[in-house]
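Inspection log for the structure reproduced underneath, given as structure tokens.
Side chains are part of it too, since the values below use all heavy atoms of this structure and drop only hydrogens, waters and symmetry mates.
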Amino acid sequence: MVDHASHPGYSEDKQKVLKRLARVEGQVRGITRMVENDTYCIDVLTQVSATTKALQAVALVLLEEHLSHCVVDAARAGGPEADLKVKEASDAIARLVRS
């Protein structure tokens, strides 16, 4: 069984992920200010769309790292852990596609 709890696949890109998340956090705060300031609806929606895309970009980085580390390692080891990791990845992809 492969244990990734102590070393997530994105460890090498952790700072990049955190930087992107900080940017998304700033975008959300900006949207809050826009609503507080009664900004025109379409302008707010434009920022919501940009923020959504930025968050999806983070999700894609995490998914890519999960596939290239956790799933590949589990597949090499074989057994039920491999099936579990493939199922987890498939479920995550389905959630991303639906969002």
I need the minimum non-hydrogen distance between [X] and [Y], along with the two atoms involved.
X	Y	result
Leu96	Ala59	CD2-CB, 3.5 Å
Ala74	Ala82	O-CB, 3.3 Å
Arg20	Ala57	NH1-CB, 3.3 Å

Glu88 with Lys85: basic N within carboxylate O range, under 4.0 Å
yes
With the side chain counted from C-beta on, respond yes when Val72 and Leu67 share a heavy-atom pair under 4.5 Å apart, and no when they do not.
no
Do Leu62 and His66 touch side chain to side chain, with heavy atoms closer than 4.5 Å?
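They are not in contact (no side-chain heavy atoms under 4.5 Å apart), so the answer is no.
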Go through Asp91 and Arg95 one step at a time and tell me if the salt bridge (charged side-chain N to carboxylate O under 4.0 Å, His left out) criterion holds.
CA-CA 6 Å; Asp91 291 347; Arg95 285 190 301 273; 5.1 Å; no
Could you give the distance from [atom1] ([X]) to [atom2] ([Y]), rounded to the nearest 0.5 Å?
X	Y	atom1	atom2	answer
Asp83	Glu81	CG	CD	9.5 Å
Gln47	Thr52	CD	OG1	10.5 Å
Glu65	Lys14	CD	NZ	13.5 Å

Hydrophobic cluster (4.5 angstrom, side-chain heavy atoms) - remaining members for Val48:
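Grouped by the 4.5 Å side-chain rule, Ile31, Met34, Val35, Val44 form the rest of the cluster around Val48.
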When you look at CD of Glu64, are more than 12 heavy atoms from neighbouring residues, nucleotides or ligands closer to it than 6.0 Å?
no
Val86 reachable from Leu63 in the ILVMFWY side-chain graph, under 4.5 Å edges
yes
